[in-house]
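Just below is one structure, and these are the notes that go with it.
What you see is a predicted model, and the numbers here were worked out from it, not measured in a lab. As the structure lists them, so they are numbered: ligands from 1, and atoms in each ligand from 1.
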Amino acid sequence: MANKPEKFIDENGLRLDGRAVDEIRPMTIEIGVLSRADGSCYLEWGKNKILAAVYGPRELHPRRMQKPDEAIVRYRYNMAAFSVEDRARPGPSRRSIEISKVSRDAFAPIIMTKYYPSAVIDIFAEVLQADAGTRTAAINAASIALADAGIPMKGLISACAVGKVDGQLVLDLSKDEDNYGNADLPIAMTQDGEISLLQMDGNLTKEEFKKALEMASEGCRQILEIQKEALKRKFASHEEVVESLAEVADEIIEDVQKEIELIDEDFEVSELEDEDVIEITIAKTDTSEPVDKAQEEDFTEFTEDESSNVDGPEGYEADKAGERHEQ
Ligand code: UDP
């Protein structure tokens, strides 16, 4: 582990990584990265790398665990063994069990579980690389993966931490700030500003706590914009494809309608002479082979004499043409 820095904030008010005290680390989001999950998201936030996958809603087994009036939501936060400097011990730990529980509860206000009685929605958040703020990063990724899975939700959840270093509050802690700072306050919020997760490690005065909440709320608002942008990019491009396909379909329908009008004008069945019918028939049966004269004659006879014996729509049309000829 790196040694404790002497100072976290320089004389210009900038932090060790050059950020202002109220600045979050750069975040990038990719949606739909896993083909076997119903929804997925790969998120990078500073040096954090998180993969979130959502499966469901699907029937929950064993059945005794089902809730008859709503879906249950399961959340598993896991740190890959290679995600931290000192190898993380594989399997659940007290820390990961606690993070899984509070993260699942963070989604309680938004997931419309009543739509899926007896079902389960599984959320997996895999930390591939950790650099402080992994629980909040995982929640941000899970929120997008849920949206990608099409789970009905009242909005998105955004999460961010505030801490205290050198006696000052700082937004979105870096690794050193997290390890050596005086406080760490991760929060998660709904789009309406309702806090759905709040944890605190360290000490803050009442005033600092209030200020920290404001800063974290502002951080969540910024993250919400990044999440919305990512979703727009994914689903707007999908909409564009659908729109352009609809345009092509409209053009085809228009062309077909024009063709039908032309056919109606040029080949009014009631006005057709027998020769016309024969000509059209030959054109239809034309192949690379020369038209067999006998076949041609057969068809002539068929159109003239046997049409009324044919069942189905062709016979019906032929019947009608025959009736018209008789008139
Ligand atoms: N960390 C680690 N090993 C662990 C747990 C955490 O190296 O077993 C590091 C990791 O970089 C993590 C940071 O310590 O992001 C802060 O951990 P914390 O428990 O505060 O959770 P987080 O801030 O990641 O939500």
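Look at Lys258 and Glu261 and you find no salt bridge, because none of the NZ, NE, NH1 or NH2 atoms lies under 4.0 Å from a carboxylate O. Electrostatic pairing of Arg76 and Glu126 counts as a salt bridge here, judged by a charged N lying under 4.0 Å from a carboxylate O. A salt bridge does not link Arg25 with Asp17: none of the charged nitrogens is closer than 4.0 Å to a carboxylate oxygen.
Closer than 4.0 angstrom to ligand 1 sit non-hydrogen atoms from Met79, Val84, Arg95, Ala130, Asp131, Ala132, Gly133, Thr134, Arg135, Lys175, Asp178, Asp184.
Applying the salt bridge (charged side-chain N to carboxylate O under 4.0 Å, His left out) test to pairs two or more places apart or on separate chains, those with a residue in residues 198-215 are Lys164-Glu208. Applying the salt bridge (charged side-chain N to carboxylate O under 4.0 Å, His left out) test to every pair with at least one member in residues 57-74, sequence neighbours left out, gives these pairs: Arg58-Asp122, Glu59-Arg63, Lys67-Glu70, Asp69-Lys114, Arg74-Asp122.
Here Tyr42 pairs with Glu44 under the side-chain hydrogen bond (donor to acceptor under 3.5 Å, both in side chains) rule; sequence neighbours left out.
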